[in-house]
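First the structure, in the form of structure tokens, and then the observations on it.
Every chain is numbered from 1, with letters handed out A, B, ... down the list of sequences.
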2 protein chains.
Amino acid sequence: MTALWQCQGVTSTSTAGAVRQGSLRELNLAVVLRRIAAADRPPSRAGIAAGTGLTRATVSAVVDDLIAGRLVAEAEPAPRTGAGRPARGLVLASDGPAGLGLEVNVDYLAACVVDLTGTVRHHLVRRADLRPVSPADALERLAALAAEARAAAVRDGLTLAGAALAVPGLVDSGGLVRLAPNLGWRDVDVPALLAGHPLAEPVEGIPPLVVDNEANLAALGELHAGPPGSTSFLHITGEIGIGAGIVLDGVLYRGARGWSGEIGHIPVQPQGRPCRCGGQGCLERYAGQEAVLAAAGLAGADLPADTAATRLADLARAGDPATLTALADAGTALGVAVAGVVNLLDLDTVVLGGGYAPLAPWLRPPVVAEISRRVLTAAWSPVTVRPAALGARSAAVGGAASVVRRVVDRPVGWLARSG
Amino acid sequence: MTALWQCQGVTSTSTAGAVRQGSLRELNLAVVLRRIAAADRPPSRAGIAAGTGLTRATVSAVVDDLIAGRLVAEAEPAPRTGAGRPARGLVLASDGPAGLGLEVNVDYLAACVVDLTGTVRHHLVRRADLRPVSPADALERLAALAAEARAAAVRDGLTLAGAALAVPGLVDSGGLVRLAPNLGWRDVDVPALLAGHPLAEPVEGIPPLVVDNEANLAALGELHAGPPGSTSFLHITGEIGIGAGIVLDGVLYRGARGWSGEIGHIPVQPQGRPCRCGGQGCLERYAGQEAVLAAAGLAGADLPADTAATRLADLARAGDPATLTALADAGTALGVAVAGVVNLLDLDTVVLGGGYAPLAPWLRPPVVAEISRRVLTAAWSPVTVRPAALGARSAAVGGAASVVRRVVDRPVGWLARSG
DNA sequence: GCAATTTGTTCAGTGGTTGAATTAAATGAC
DNA sequence: GTCATTTAATTCAACCACTGAACAAATTGC
């Protein structure tokens with residue numbers, strides 16, 4: 001078994017899409033499983049056959065395989081239709097494979113387990129200031145938390161099919177964390193440091209550990225938990241830095257080298273404040289956590305990172321004028337940057353996540369105002385701006401969901417496992 | 001036969017990827033054909049088998065079908081290898097299907113024919129000021145030019161499998177031109193107006209006419225003609241408006257509604273000059289043709305649109321200080337916007353196209369300067385900024401190439417045609 | 001001239017889909 | 001309460017396209 005450490009979603013089949021004899025079944029397993037996953041009510045075999053164009057015979061055979069592999073179960077209270085033999089509804093199994101989502105952040109560690117149906121079965125958080133901790137120690141503690149989550153999953157009869165770790169920084173393909181400024185990490189080889197701690201069962205085709213940018217996985221979490229229908233959106237994670245996950249047509253876009261989403265350094269005032277990146281007038285200097293805290297008169301308060309947002313929200317709710325102005329200005333800067341992005345990418349939804357989620361009531365109006373002023377097509381069809389459905393849990397949940405999604409997209413790897 | 005007018009590349013198979021018996025062959029036809037198309041020297045059947053993982057027997061059978069359908073031919077001077085029976089090289093046929101690319105622009109009409117190998121076989125241009133002409137008349141003249149191109153293609157033994165029309169404006173799916181400000185078009189139903197003029201043979205799976213934004217098709221042209229390897233890039237078409245085509249991982253990204261690429265209205269000076277879009281400080285007001293001409297002291301010269309760029313280039317070459325300053329400023333504004341885009345999308349290449357292509361010697365330095373100042377990852381891996389390989393012909397060639405690409409991606413539609 | 005080598009084809013075998021017939025399980029009319 | 005009707009799911013022979021091995025073809029090198 002070759003360990004497959006990787007960052008991106010590259011499925012690099014060297015055979016480049018050639019369809020061999022067995023691929024036929026492999027592909028149809030995925031088609032049927034996806035159909036069951038996407039349906040809003042448990043579909044019948046016949047319904048799947050009608051929807052996909054496959055024969056009922058084929059669907060039956062495929063479903064048999066899926067049930068035998070504990071990926072699908074029959075919903076017992078059969079959904080009533082009308083005349084005729086009642087259909088047996090098919091649902092994703094809730095006792096089969098599951099995904100493990102992990103997160104290392106400035107002041108907490110998180111681990112969560114998501115099953116095939118998308119339900120968050122467990123969610124563990126350990127608060128701790130990780131800035132003074134060495135990467136090796138931080139990952140050691142993460143591994144302990146992961147083991148706890150895994151034990152809980154096993155008690156439920158679940159099998160972890162893979163893990164995904166969210167890190168607030170630039171991650172190389174291969175899982176090398178190039179730079180995580182707020183953690184103080186540089187060139188940390190996460191897979192190597194976690195090598196002694198098995199996180200998940202080996203499943204063919206699913207990497208045992210994927211390391212990815214926090215903003216990317218948070219966007220996946222939002223894709224997973226958010227309202228259906230929005231398949232192209234920008235998920236903005238507002239923390240000390242500002243990151244964005246870009247989901248286009250339902251798939252996360254990672255960029256040529258996996259470093260997309262650096263929305264924090266979009267220029268919003270080209271001759272404005274100098275930024276640590278070397279540029280000038282970057283969004284981060286106007287809508288980043290430090291800038292907002294300073295404008296609200298809380299500079300140097302040295303709040304834990306995740307309480308800064310709730311503190312600002314409290315002040316805003318209380319009507320503190322400095323805070324309200326600070327949020328309005330930040331929202332305007334954010335709106336300018338977002339308007340540019342929407343003009344460029346023609347997105348229909350913008351999600352305010354991370355620290356922006358609790359501040360959405362105050363950030364949303366100026367963002368919406370800038371969008372409607374500046375986006376050419378806003379008149380034809382409006383852009384939705386909404387807070388993240390999952391809030392701070394997005395990244396860990398998104399990571400776990402990305403594992404589950406891998407199983408759904410290519411179930412044959414899982415089925416090959418247990419014979 | 002249902003006419004399939006469409007704008008986007010939506011292949012909306014209602015069966016959602018289900019793999020039926022025959023799809024096996026269908027998919028492998030595409031795999032093998034793509035392999036032949038992508039190879040830099042004519043591959044052998046055995047080489048394709050080794051590369052794809054298919055059996056030599058299967059590849060032979062597939063190739064037989066492709067040759068019978070005039071999509072592939074055997075290269076006669078067989079490429080020498082070493083010992084063993086010499087391989088028979090396979091190349092794309094140059095007498096099979098071809099694509100028709102059309103363009104309506106402010107002061108010219110164009111039609112071009114690209115064959116399967118990607119060679120531009122014919123390229124016709126009619127210069128004419130189309131602003132005073134009604135859409136119906138303009139399209140009538142375009143149809144005449146298209147008929148000419150088609151006749152030339154038929155004389156070569158080619159069969160036009162589809163057509164793509166580039167328009168400088170917002171195009172709805174369905175081919176409705178919502179707004180083409182510089183042509184003075186609004187809600188022009190192009191497919192309806194061209195309905196009387198058959199442009200191409202009906203081929204299953206290929207729409208007889210695709211209408212798309214000029215910038216999008218120009219980006220496809222660049223993908224087609226540019227150096228291989230750059231699969232994620234931004235192609236900027238600088239005219240009166242500024243448009244961009246976004247190619248991500250080798251596929252054109254069109255946005256949720258098909259209106260992506262409005263880079264001209266990215267804010268570069270949020271409190272700057274008011275723009276006709278209603279916003280303020282849009283890129284177009286600093287790097288658009290009118291802005292540059294005005295800054296160079298040529299305001300109101302009323303030059304034909306396509307000569308403005310060459311005129312500016314002449315002045316710059318002659319060392320005219322006003323022009324040099326104007327271009328430097330435009331380049332800086334462009335660089336600010338592009339830096340934001342590159343930070344967001346992690347692109348490795350930026351192509352200066354349209355009117356920017358001849359001005360690249362003067363625009364490139366400030367653009368590169370802003371990128372290296374402002375792009376976070378520029379230090380790790382540089383961003384290439386280069387002029388468009390095709391220049392003004394990009395859009396028509398790109399349209400024609402997009403038709404050809406459709407045939408390569410799904411050859412079964414073409415093969416079903418001639419029995 | 002002959003062994004070695006590689007390409008391409010032929011052919012029986014097989015996996016997985018197909019389509020029709022069959023069985024299963026309900027509703028509704030009389 | 002029985003039976004025609006309706007829809008769901010399964011069974012089975014047929015078939016299509018890929019597989020693997022054997023074979024024929026064409027060239028190099030000794």
Side-chain angles (χ1 to χ4, degrees), chain A residues 15 17-32 35-36 39 41-68 72-90 411-412 415-416, chain B residues 15 17-32 36 41-68 72-90 411-412 415-416:
Chain A
T15 51
V19 185
R20 312 192 40 187
Q21 183 80 265
S23 329
L24 229 163
R25 197 39 159 307
E26 180 173 340
L27 290 168
N28 281 334
L29 282 165
V31 167
V32 170
R35 195 116 193 153
I36 295 173
R41 77 187 63 249
S44 66
R45 293 163 172 80
I48 294 171
T52 57
L54 295 167
T55 333
R56 292 203 301 271
T58 304
V59 173
S60 275
V62 168
V63 167
D64 284 349
D65 283 4
L66 292 173
I67 290 179
V72 165
E74 292 194 322
E76 251 336 306
R80 283 286 151 105
T81 48
R85 170 176 170 176
R88 281 192 284 174
L90 299 171
V412 81
L415 295 177
Chain B
T15 52
V19 185
R20 311 193 39 189
Q21 183 81 262
S23 327
L24 231 164
R25 196 43 163 295
E26 180 173 340
L27 290 168
N28 281 334
L29 283 165
V31 167
V32 170
I36 295 172
R41 78 187 63 250
S44 66
R45 292 165 174 78
I48 294 171
T52 57
L54 295 168
T55 332
R56 292 205 303 272
T58 304
V59 173
S60 274
V62 168
V63 167
D64 284 349
D65 282 4
L66 292 172
I67 290 178
V72 164
E74 292 194 322
E76 250 336 307
R80 283 285 152 106
T81 49
R85 171 176 169 175
R88 281 193 284 174
L90 298 170
V412 80
L415 295 178

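Contacts of Ser60(B) with the nucleic acid, taken as non-hydrogen atoms under 4.0 Å apart, include base atoms.
Rounding to whole angstrom units, CG of residue Leu29(B) and P of dC16(D) are separated by 16 Å. Remark: P of dT23(C) and CZ of Arg88(A) are 18 Å apart, rounded to the nearest angstrom. Spacing between atom CG of Leu27(A) and atom P of dG15(C) amounts to 18 Å, rounded to whole angstrom units. One interatomic measurement links the two molecules: CD of Glu74(B) to P of dA26(D), which rounds to 13 Å at whole-angstrom precision. Across the protein-nucleic acid pair, Leu90(B) atom CG and dT7(C) atom C1' stand 12 Å apart, rounded to whole Å.
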Distance-only donor-acceptor pairs under 3.5 Å for side chains of residues 21-29 of chain B, two or more places apart:
residue, atom, partner, partner atom, Å
Ser23(B), OG, Arg20(B), N, 2.7
Ser23(B), OG, Arg20(B), O, 3.2
Arg25(B), NH2, Ala61(B), O, 3.2
Glu26(B), OE2, Arg410(B), NE, 3.4
Asn28(B), OD1, Val19(A), N, 2.9
Asn28(B), ND2, Val19(A), O, 2.8

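Neither OP1 nor OP2 of dT7(D) sits under 4.0 Å from any side-chain N or O of Ser44(A). Taking only side-chain nitrogens and oxygens, Arg56(B) never comes nearer than 4.0 Å to OP1 or OP2 of dC18(D).
For residues 45-58 of chain A, the pairs satisfying salt bridge (charged side-chain N to carboxylate O under 4.0 Å, His left out) are Arg45(A)-Glu74(A), with sequence neighbours left out.
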Which atom pairs link the protein and nucleotides 16-19 of chain C when you take only N or O atoms and keep those under 3.5 Å?
residue, atom, partner, partner atom, Å
dG16(C), N2, Gln21(B), NE2, 2.8
dT17(C), OP1, Asn28(A), ND2, 3.1
dT17(C), O3', Gln21(B), N, 3.3
dT17(C), O2, Gln21(B), NE2, 3.2
dT18(C), OP1, Arg20(B), NE, 2.7
dT18(C), OP1, Arg20(B), NH2, 3.3
dT18(C), OP2, Thr55(A), N, 3.4
dT18(C), OP2, Thr55(A), OG1, 2.7
dT18(C), OP2, Thr58(A), OG1, 3.3
dT18(C), O5', Thr55(A), OG1, 3.4

Requested in this report: Test side chain to side chain contact (heavy atoms under 4.5 Å, CB included) on Leu90(A) and Ile48(A) and set out the steps.
Outcome: CA-CA 10 Å; Leu90(A) 299 171; Ile48(A) 294 171; 3.9 Å; yes

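With distances taken from any side-chain atom of Arg85(B) to the nucleotides dT7(C), dT27(D), dA9(D), the minimum falls on dT7(C).
For the pairing with Val72(B), the side chain to side chain contact (heavy atoms under 4.5 Å, CB included) check across Asp65(B), Ile67(B), Asp64(B) returns one residue only, Ile67(B).
At least one donor-acceptor pair under 3.5 Å links the side chain of Ser44(B) to the backbone N or O of Gly47(B).
The nearest pair of heavy atoms linking Ala18(B) to Leu54(A) is CB-CG, 3.9 Å.
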